Trainee: 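Provided herewith is a single structure, encoded as structure tokens, for subsequent inquiry.
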2 protein chains.
Amino acid sequence: MLIIGERINSSRKRMAEAIRSRDAEFIRDEALNQIRAGSDYIDINAGSLEDEEDSVKWMVDTLQPVIEKPLCLDSADPKVIKAVLPLVEKTPMINSISLEAARLDSLIPLILERKAKVVALCQSEGELPSTSELKLELAGRLVIKVTDAGIALDDVYIDPLIFSVSTDGNAAIEGLDAIKEIMETFPGVHTVCGMTNISYGLPLRKLINRTFLAMAMLMGLDAAILDPTDIDQYSTLKAAKVLLGQDDFCLEFINDFREGRLKA
Amino acid sequence: MLIIGERINSSRKRMAEAIRSRDAEFIRDEALNQIRAGSDYIDINAGSLEDEEDSVKWMVDTLQPVIEKPLCLDSADPKVIKAVLPLVEKTPMINSISLEAARLDSLIPLILERKAKVVALCQSEGELPSTSELKLELAGRLVIKVTDAGIALDDVYIDPLIFSVSTDGNAAIEGLDAIKEIMETFPGVHTVCGMTNISYGLPLRKLINRTFLAMAMLMGLDAAILDPTDIDQYSTLKAAKVLLGQDDFCLEFINDFREGRLKA
């Protein structure tokens, strides 16, 4: 299970302040805390700021000297990713491409050149897929695009796009079915989800999010964009690994327990 | 999701004392608390006591006048169930039959006569099924036995027998696969599990148990023997219902939240 730490995102008010004021200590602490908590990648996103490109460049320069894990460059704007990529040393993850031609065509050569990993959204021009059938169809078109371009399937993390159960009662079921079908239909590919959309508009969001995480892992989800410092969610993730036979002899679970990293 | 409250069981030390000393107030409180917490049935078990039959009779006489929910008569000894059944007023659940001939043949006429619901264990003489294939095969033999006898499938709750992941790393996966296959192969039948075996021998058992519950519900489990006063588990169950489209417009979840019955 690959964990992409989501906390360095300007959509969080406190984080936007820290990025605007170039508070290096704050974002370094956030990165280091997420790595201690189990992040494999550190996502960085300044999409809500006016000077997105400069902000992301500053984040890369600030974080890179102090963290041992790679970055996940998170922007809806391919120009930002293109401008920032030359500064990035460790092979990053690119978040994200979709079937939108502009985004796809400009990013694919960069992904190939850097052998980067990439998040591929089940999203086409203006098309938001609510059913598992449509998600699977878009996933299939993404798989063709990336493999035709020469990107290894093992570098591709398909995001089926999870919507809120408060607006669509079937949102979780359709997303879970899509994860299963994508993993079965395209052996070797990965799936990834954010864990927050599902509970939008409801109370006790973290409870719903971590319950969804356990279900998604059962369906085959092997990467997640989440806050690894949320100890309840982290505990659910580690319990799910035990249940799914992904933790030999429960050694990881028992070790995490002894180190006080899990909560009953 | 049918909830069978498990707390009135002599395997709990404090409960054994209460039953031995015929502490009516204690077991009534336990029953009423479990009903307030959402139990549809109140399981009663005195299997670890010398005078099991007298104890269960006392429990029935003590609880029946004060609870509005039916009982689940839980004994490995068909003679005890046979002796107690005439005292029971509301149509009970019988826990349990298996493919062991002695148990099956003596209980089936009683189940039919009372139109009782019944827990049917995937267990034959000396055979403990560790794989989903074997669980499904035993479930099939149970379905034939009970339907041949004239018991409605809707009254049958098949327990696939869940073992501990600490002794068999595949125990959860095999159990989850079995739930799915049983529900798909025998439309109309129910599945039921206890939620404690899975974590035997591990720390943070409640965390593992409730994570397993969410996964089992995704596979189609529609009844569980559990402690409904465990608020973390209850919260997971209610979040799972939201995610699985079993809670229209999330009304039950939001109502439980407002009444303080859920925990983040």
Side-chain angles (χ1 to χ4, degrees), chain A residues 162 164-177 179-180 198-199 201-219 230-251 253-258 261-264, chain B residues 162 164-177 179-180 198-199 201-219 230-251 253-258 261-264:
Chain A
I162 303 298
S164 163
V165 281
S166 72
T167 50
D168 175 2
N170 292 318
I173 295 168
E174 296 294 341
L176 293 164
D177 284 349
I179 292 167
K180 184 168 190 287
I198 190 72
S199 61
L202 288 172
L204 303 177
R205 295 189 61 181
K206 288 183 171 188
L207 164 67
I208 295 172
N209 296 347
R210 67 177 177 267
T211 305
F212 182 70
L213 173 62
M215 291 179 174
M217 288 174 69
L218 174 59
M219 295 291 92
D230 172 349
I231 189 169
D232 288 302
Q233 181 170 249
Y234 183 82
S235 301
T236 298
L237 187 152
K238 290 306 180 99
K241 287 185 73 173
V242 164
L243 293 168
L244 298 175
Q246 296 173 10
D247 180 0
D248 288 345
F249 306 105
C250 314
L251 288 178
F253 187 81
I254 291 168
N255 189 48
D256 273 342
F257 164 68
R258 286 189 180 145
R261 294 155 65 91
L262 301 179
K263 198 173 140 192
Chain B
I162 303 298
S164 163
V165 280
S166 72
T167 50
D168 175 2
N170 292 319
I173 296 168
E174 297 293 342
L176 293 164
D177 284 348
I179 291 167
K180 184 168 190 288
I198 190 72
S199 61
L202 288 172
L204 303 177
R205 295 189 61 181
K206 288 182 171 189
L207 164 67
I208 295 172
N209 296 348
R210 68 177 176 265
T211 305
F212 183 70
L213 173 62
M215 293 180 173
M217 287 174 70
L218 175 58
M219 295 289 93
D230 172 350
I231 189 168
D232 288 303
Q233 182 171 249
Y234 182 82
S235 301
T236 297
L237 186 152
K238 290 306 180 100
K241 287 185 74 173
V242 165
L243 293 167
L244 298 175
Q246 297 172 9
D247 180 0
D248 288 346
F249 305 106
C250 314
L251 289 178
F253 187 80
I254 291 167
N255 189 47
D256 272 343
F257 165 67
R258 287 189 180 144
R261 295 155 64 91
L262 301 178
K263 198 172 140 191

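Below, chains carry the letters A, B, ... as their sequence lines are ordered, and counting in each starts from 1. Keep in mind that what you see is a predicted model, and the values were worked out from it rather than measured.
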Trainee: Checking A:Arg210 against chain B: side chain, backbone, both or neither under 4.5 Å from a heavy atom?
Mentor: side chain
Trainee: Based on non-hydrogen pairs under 4.5 Å, which of A:Leu204, A:Thr167, A:Leu262 is most in contact with chain B?
Mentor: A:Leu204
Trainee: If only atom types and distance count, is the side chain of B:Ser235 paired as donor or acceptor with the main-chain N or O of B:Lys263 below 3.5 Å?
Mentor: yes
Trainee: Side chain, backbone, both or neither: which part of A:Leu176 has a heavy atom under 4.5 Å from chain B?
Mentor: side chain
Trainee: Could you have a look at B:Asp232, B:Ile198, B:Leu218 and say which one has the most heavy-atom pairs with chain A under 4.5 angstrom?
Mentor: B:Leu218
Trainee: Sequence neighbours excluded, which residues qualify as side chain to side chain contact (heavy atoms under 4.5 Å, CB included) partners of B:Asn255?
Mentor: B:Glu259
Trainee: So what's closer than 4.5 Å to chain B heavy atoms on A:Phe249: side chain, backbone, both or neither?
Mentor: neither
Trainee: Could you go step by step and tell me if A:Arg261 and A:Ile231 meet the side-chain contact (heavy atoms from CB on, under 4.5 Å) rule?
Mentor: CA-CA 7 Å; A:Arg261 294 155 65 91; A:Ile231 189 169; 5.8 Å; no
Trainee: Whether A:Lys241 and A:Asp247 form a salt bridge (side-chain N of Lys/Arg under 4.0 Å from carboxylate O of Asp/Glu) is what I want to check.
Mentor: no
Trainee: Tell me, for B:Met219 versus chain A, whether the close heavy atoms (under 4.5 Å) come from the side chain, the backbone, both or neither.
Mentor: side chain
Trainee: Under 4.5 Å from any heavy atom of chain A, what part of B:Leu213 do you find: side chain, backbone, both or neither?
Mentor: neither
Trainee: Is the shortest heavy-atom distance from the side chain of B:Met215 to the side chain of A:Leu244 under 4.5 Å?
Mentor: yes
Trainee: Under 4.5 Å heavy-atom distance to chain B, tell me which part of A:Lys238 shows up: side chain, backbone, both or neither.
Mentor: neither
Trainee: In terms of heavy-atom pairs under 4.5 Å, which option from A:Val165, A:Ile208, A:Asn170, A:Asp248 contacts chain B the most?
Mentor: A:Ile208
Trainee: Less than 4.5 Å apart, side chain to side chain, heavy atoms only: is that true for A:Lys206 and A:Asp230?
Mentor: yes
Trainee: Select one option (side chain, backbone, both, neither) describing which atoms of A:Leu202 are under 4.5 Å from chain B's heavy atoms.
Mentor: side chain
Trainee: Within this structure, what is the CG-CG distance for the pair A:Leu237 and A:Asp256, rounded to the nearest 0.5 Å?
Mentor: 10.0 Å
Trainee: Heavy atoms only, distances under 4.5 angstrom: which of B:Gly245, B:Ala240, B:Pro203, B:Cys250 has the most pairs with chain A? Name it, please.
Mentor: B:Pro203
Trainee: Taking A:Gly169, A:Ala172, A:Ala171, A:Ser166 one by one, which has the highest count of heavy-atom pairs under 4.5 Å against chain B?
Mentor: A:Ala172
Trainee: Is there a side-chain contact between A:Phe257 and B:Leu207, using heavy atoms and a 4.5 Å cut-off?
Mentor: no
